[in-house]
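To start, the structure itself, in structure tokens.
Every chain is numbered from 1 and lettered A, B, ... according to where its sequence line falls, protein lines coming before strand lines.
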Protein chains: 2
Amino acid sequence: MASDHTRTAILAAAERLYADRGFGDVTLRDIVAEANVNLAAVNYHFGSKDELIAELFVTRSIATNRERLRELKAAEEQGGGRAPIEVILHALVGPTLRGCLGPENQRSSAARFMIRASIKSVPPIRRIKNREIDHLRKFAGAMRRSLPDRSDVDIYWGLNFALAMAHHTIRESERLTKLSEGKCDLDDVEDVVARVVSVATMALTAGRTEAKAPSKVAAR
Amino acid sequence: MASDHTRTAILAAAERLYADRGFGDVTLRDIVAEANVNLAAVNYHFGSKDELIAELFVTRSIATNRERLRELKAAEEQGGGRAPIEVILHALVGPTLRGCLGPENQRSSAARFMIRASIKSVPPIRRIKNREIDHLRKFAGAMRRSLPDRSDVDIYWGLNFALAMAHHTIRESERLTKLSEGKCDLDDVEDVVARVVSVATMALTAGRTEAKAPSKVAAR
DNA sequence: GTCTATACCCCGATAGAC
DNA sequence: GTCTATCGGGGTATAGAC
């Protein structure tokens, strides 16, 4: 209880510093100085630098996944076990986008930490992401129930593209702002969510893509 | 001439080792051992570990961008300065996907290096990517000419989503394979290209997204 | 169980001789 | 251009104090 003051102080200091300066530029010595604890305490409580990062990541990650499933479950219950595809996609990408985007000046250090994590992807984070497959399978199942005529392959590609748009937009938000000279407003989170959901829905509902066509288009 | 044998040997060894084991797990000492050169030679020729990685990345990156522009130019000339949107998108994502995907067993170490680079994104690589904005602007221009009725904002979002799908599919190809239990065939590159182009085209040509709608859907 | 002091080893970088 | 030697600093491991 009072005893994990050290542990908590390390987590708080680490999250703040990582959010501000990234993983590579923050040393454990920086963190322990900020938290006013001893260097060895990090290894005692977390085992290694990577596992400290992992701990921060999972905490936030679990919260997002819980919110995703909450929205998904609510939607399927309301629809009698079969939700509209837009609503499923909304549950999939909404929590993630809402957790990382939004007005810059009010972005929590937790949010900025998650953006860094999206970009850098150190080993422990990839490990955790790979364990997320079971979580994604639940969405694949809901999508299959929503679109029973669609092939599994199309479902998976739709899921992949939805996540692609959400994560890439977070990862490269700075570049998109620069490229569009500010015309793309990344602070309007609900607009971004709507755009991603809209495109992903089209991908999943449009007449079969004639994917196998050679399409030698523009091949010199 | 004979003098840059050292330089070349370092580049070759570095690319191979980074492709196999990633940036974090390969030390300069590993590289110089593989290349049979002296440790200090790396800093003499490249300045730092990061700049060595950057050199490898730009070489490959420039080749891809050249191919992209070649396809774009050919398409616009053929269409009298105005190419179909599918063809523009094909020129945008085709070279990148072709350079990183394909049958696993025939993937060059250059290709595997670029996949690592897509995932890890060390500082020098992000620096280079930010310089790519001018390159992307050329595609935005072509897209605007192709779809003159579309707003700039929609053009930029379409461009963003096209790149998102391409890069995310490369980054997370392993996860998609696992998730779909092999049903999504990432070795069939032209199929992947066709899928990305198809979805991005829909995103850009479908009736205006009613993006600003609050869309309180599923909000508990 | 917690926390501290300290030492270890390896990494990237550099200086200076050749 | 190339090499040897070395430096500062990073993460990690351990021994022991509370």
- Does OP1 or OP2 of dT2(D) have a side-chain N or O of Tyr44(B) closer than 4.0 Å? no

- Message: Rounded to whole Å, how long is the line connecting atom CD1 of Ile31(B) with atom P of dA13(C)?
- Response: 11 Å

- Rounded distance [0.5 Å steps], CD1 in Ile119(B) versus NE2 in His167(B): 12.5 Å

- With a 4.5 Å limit on heavy-atom distance, are the side chains of Thr59(B) and Leu11(B) in contact? no

- Item | Letter per nucleotide, 5' to 3', of nucleotides 11-18 of chain D [B base touched, S only sugar-phosphate touched, - untouched; heavy atoms, 4.0 Å] | BBBB----

- How long is the line joining CG of Asn38(A) and P of dA7(C), in whole Å? 14 Å

- Under 4.0 Å: is that the gap between some side-chain N or O of His45(B) and OP1 or OP2 of dT2(D)? yes

- Message: Rounded to whole Å, how long is the line connecting atom CG of Asn36(A) with atom P of dA5(C)?
- Response: 12 Å

- Query: What closest approach, in Å, do Arg68(A) and Leu92(A) show between heavy atoms, and which atom pair accounts for it?
  - Reply: NE-O, 2.8 Å

- Task: Would you check, one step at a time, whether the test side chain to side chain contact (heavy atoms under 4.5 Å, CB included) holds for Ser61(A) with Glu132(A)?
- Result: CA-CA 10 Å; Ser61(A) 200; Glu132(A) 248 191 355; 3.8 Å; yes

- Message: Just checking Phe57(A) against Tyr18(A), ring centres under 6.0 Å apart?
- Response: no

- Query: Nearest-Å distance, CG (Asp25(B)) to P (dG12(C))?
  - Reply: 11 Å

- By side-chain hydrogen bond (donor to acceptor under 3.5 Å, both in side chains) - contacts of Arg131(A) (at least two apart): none

